[in-house]
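Remarks on the structure that follows.
Every number for a ligand or one of its atoms is a count from 1 in the order of the listing. Everything numeric in this text was worked out from a predicted model, so none of it was measured.
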Amino acid sequence: MISKKINEALNAQINYEFWSGYLYLSMANHFEAIGRKGIANWFRIQFKEEFDHAQIFINYLNARDGRVILAPIAEVPVEWQSPLDAFANTLAHERKVTALINNLYALAEEEKDFATREMLNWFVAEQVQEEETAQDIIDNLELVGEDGTGIYQIDSELGKRTYTAPAPLNKNA
Ligand code: FEO
């Protein structure tokens, strides 16, 4: 059984993970529309991962006899000025998610809900990766600036990203 307070906080996080997925899917659609297919691929996989994050919280709430309440997903932006603009948006967004995960962690400790705290450990580590990956791509984009060949190479590189289910959802991991 899970407390009402933690249950509500996890439902809010589920909604935010879905919103994150919408944000990245919108970015994927934007870059697909302007012919940056590699960047679009990267964001499509990012979208899938965010929906996976939501599913991890859903599975956890169900396992703890909680109640999943799906709220409406708010509107997301539809256009970005450049790849750098989109990845700067990504990094800022992931920093916000990190803060939310940290708040959940602190709440779990406050409520002495150690099972929730344990579940959140995976997300704490995941956020380190999320921020590092976005920062690495920003560094590369800043390095090439407006250079078309450089952008083309980064687009090709990001096109190689493949999807793998996150460990908590991967029964074979
Ligand atoms: Fe669900 Fe990108 O963190």
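With waters left out, the protein N, O or S atoms under 2.8 Å from atom 2 (Fe) of ligand 1 add up to 4.
The two residues F31 and P83 make their nearest non-hydrogen contact at CZ-CA, 3.7 Å.
K5 and D113 are not joined by a salt bridge, as no carboxylate oxygen comes within less than 4.0 angstrom of a charged side-chain nitrogen.
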Only distances under 3.5 Å count here; give the side-chain donor-acceptor pairs of residues 70-81 to other protein atoms, sequence neighbours excluded, each with its distance to 0.1 Å.
from	atom 1	to	atom 2	distance (Å)
W80	NE1	N89	OD1	2.8

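Q127 and E131 share no donor-acceptor pair across their side chains, judged by distance under 3.5 Å alone.
Under the salt bridge (charged side-chain N to carboxylate O under 4.0 Å, His left out) criterion, E126 pairs with no residue, sequence neighbours left out. Qualifying side-chain contact (heavy atoms from CB on, under 4.5 Å) partners for N11, counting only residues two or more places apart in sequence or in other chains: N7, I14, L61, V68, I69.
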